[in-house]
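Remarks on the structure that follows.
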Amino acid sequence: MNEWTRLDVTPIPSLSLSGVGFAHRGQSLLHPVDLRLAGCRRTLVMGPNGAGKSLLMRLAHGLLAPTAGRVHWEGHLPRQAMVFQRPVLLRRSALANLTYALAIAGTPRRRRKPLAREALERFGLAALEARPARVLSGGEQQRLALARAWLARPEVLFLDEPTSALDPAAIKAVEDAVLDFHRRGTRIVMTSHDLNQARRLADDIVLMVGGRLIEHGPAETFFTAPASHEARAFIRGELIW
Ligand SMILES: Nc1ncnc2c1ncn2[C@@H]1O[C@H](COP(=O)(O)OP(=O)(O)O)[C@@H](O)[C@H]1O
Ligand SMILES: [Mg+2]
């Protein structure tokens, strides 16, 4: 059975970034960030292009080592998955992309295909299981990446601009999937530069501008009473550097 919820398990460990910075060739790309993400919340990291959103995500997920400060999980190291703007897929069929992930995760061979097929079905990809992943449309590839994340039953799901290359129907599919993960007890940390998307999905907002964390708080406060002039400008659509 591929259905799962995380309701009966231990709490998701909090993630704390303490003075986390990233410099490259003497240039500070991310100025020291203090950020704590706790509970089963949907946090949207927002900001204009080049703000440092992807850097923050890669540091938080452990794909990149900070040049300053410390990334720390309070408790156990959680199951995590990350979904990128351009899905990272193997040169294999849609089905094989999923069975391979299950093999890596140690799932017994006889269980792999049934689980993979259930995940394909859930994301509307059942008819495409034999198709090479590389020839799927952008929306289909992103759903395949989500199906792979689904199989990991993540406690924390990072998504870096997962919808910015997609058409409206594909965006809706990704947003529905995000909500479904969250309903099952997964913490969501997602970047976006789309204010309407943030209004639809966010419990909390982190605003990044120019490599700095400007603001972090509840979405309602962010939209109704932003604390910073950067947030006010961003909400008015005036922050595009
Ligand atoms: N590995 C890297 N090496 C050098 N510069 C980088 C690296 N990653 C990102 N940058 C630079 O850091 C800045 C922030 O990038 P990024 O986090 O991708 O922004 P965003 O995702 O908000 O658009 C950009 O100026 C980008 O060119
Ligand atoms: Mg980015």
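Since we're looking at a predicted model, the values are computed, not measured. Order of appearance sets the numbers: ligands from 1, and atoms from 1 within every ligand.
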Suppose clustering is done on Ile, Leu, Val, Met, Phe, Trp and Tyr with side-chain heavy atoms closer than 4.5 Å. Which residues sit in the same group as L90? Y100, I104
Closest contact, heavy atoms only, L63 versus M82: CD1-SD, 4.1 Å
If the plane angle is over 60° it's perpendicular, under 30° parallel, otherwise tilted; pick one for F181 and W150. perpendicular
Output, in order, the C-alpha distance, side-chain angles, deciding distance and verdict of side chain to side chain contact (heavy atoms under 4.5 Å, CB included) for M208 and I214. CA-CA 6 Å; M208 309 276 308; I214 304 292; over 6 Å; no
Residue pairs, two or more places apart or on separate chains, that pass side-chain hydrogen bond (donor to acceptor under 3.5 Å, both in side chains) and touch residues 125-134: R117-E129
Can you list, by chain and residue number, every protein residue with a non-hydrogen atom closer than 4.0 Å to ligand 1? H24, L29, P48, N49, G50, A51, G52, K53, S54, L55
Closest contact, heavy atoms only, E230 versus V209: CB-CG2, 4.3 Å
Ion pair present between D160 and R58, side-chain N to carboxylate O less than 4.0 angstrom? no
So, R187 and E155, do they make that salt bridge, N to O below 4.0 Å? no
K53 side chain to G47 backbone, donor-acceptor under 3.5 Å: yes
Near the Mg ion (ligand 2), which protein N/O/S atoms are found at less than 2.8 Å? S54 OG
